[in-house]
Structure formats: C-alpha cells, structure tokens
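Have a look at the structure below before the remarks.
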Amino acid sequence: MERHGSGLRKIVRETEKPPGYTAAYNPEIFSTATDFRVILKNANYQLSQKNLVRKT
C-alpha cells in the first residue's frame with residue numbers, strides 16, 4: 001500500500017460490488033503507531049450457510 005491510501009479506497013469500492021451487499025459488510029480498519037489491520041467480512045457467508053441447510 002502506498003502512502004496516499006488509495007489502496008484503502010479500492011478495498012472499500014470493491015467490497016460494495018457483490019450482490020446482497022449491505023453496510024454490515026463494510027471493512028473495519030484499525031491502526032496504531034505500530035499496527036495496521038483491515039478486517040474484510042465474507043459477503044457470501046450467509047449464502048453458503050443457506051446452501052448447507054437441507055430442504056425436507
């Protein structure tokens with residue numbers, strides 16, 4: 001990631017593209033003097049869980 005932070009903008013733009021996107025899937029970004037973290041949530045998780053449930 002370069003100093004301008006354009007990588008973060010790209011991450012946010014790309015996470016908004018999948019079908020079924022809601023604000024709940026926004027990346028969480030944290031930083032301290034020594035640490036930088038980005039948590040990306042799986043927008044497909046609910047879909048994959050629905051596919052696991054068998055219809056009876």
Side-chain angles (χ1 to χ4, degrees):
M1 189 170 113
E2 70 279 354
R3 293 186 185 272
H4 293 78
S6 66
L8 292 176
R9 286 188 292 273
K10 289 177 187 176
I11 289 170
V12 171
R13 274 195 314 266
E14 290 299 314
T15 58
E16 294 173 347
K17 289 183 178 181
Y21 166 81
T22 66
Y25 297 116
N26 283 346
E28 295 180 26
I29 302 168
F30 305 95
S31 68
T32 66
T34 60
D35 194 35
F36 180 83
R37 296 178 192 202
V38 178
I39 299 174
L40 302 174
K41 299 174 184 173
N42 184 355
N44 296 318
Y45 178 75
Q46 294 296 333
L47 294 174
S48 66
Q49 293 304 303
K50 288 178 185 177
N51 290 335
L52 293 176
V53 175
R54 289 186 178 185
K55 295 180 182 180
T56 56

Starting at [atom1] of [X], measure out to [atom2] of [Y] and round the result to the nearest 0.5 Å.
{"X": "Asn26", "Y": "Ile39", "atom1": "CG", "atom2": "CD1", "answer": "12.5 Å"}
{"X": "Asn42", "Y": "Tyr25", "atom1": "CG", "atom2": "OH", "answer": "8.0 Å"}
{"X": "Thr15", "Y": "Lys10", "atom1": "OG1", "atom2": "NZ", "answer": "14.5 Å"}

*Which residue pairs satisfy the salt bridge (charged side-chain N to carboxylate O under 4.0 Å, His left out) criterion with at least one member in residues 21-33, sequence neighbours excluded?*
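Residue pairs with at least one partner in residues 21-33: Glu28-Lys41.
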*What residues, two or more places apart in sequence or in another chain, satisfy side chain to side chain contact (heavy atoms under 4.5 Å, CB included) together with Ile29?*
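Scan of Ile29 (side chain to side chain contact (heavy atoms under 4.5 Å, CB included), adjacent residues dropped) gives Leu8, Phe36, Val38.
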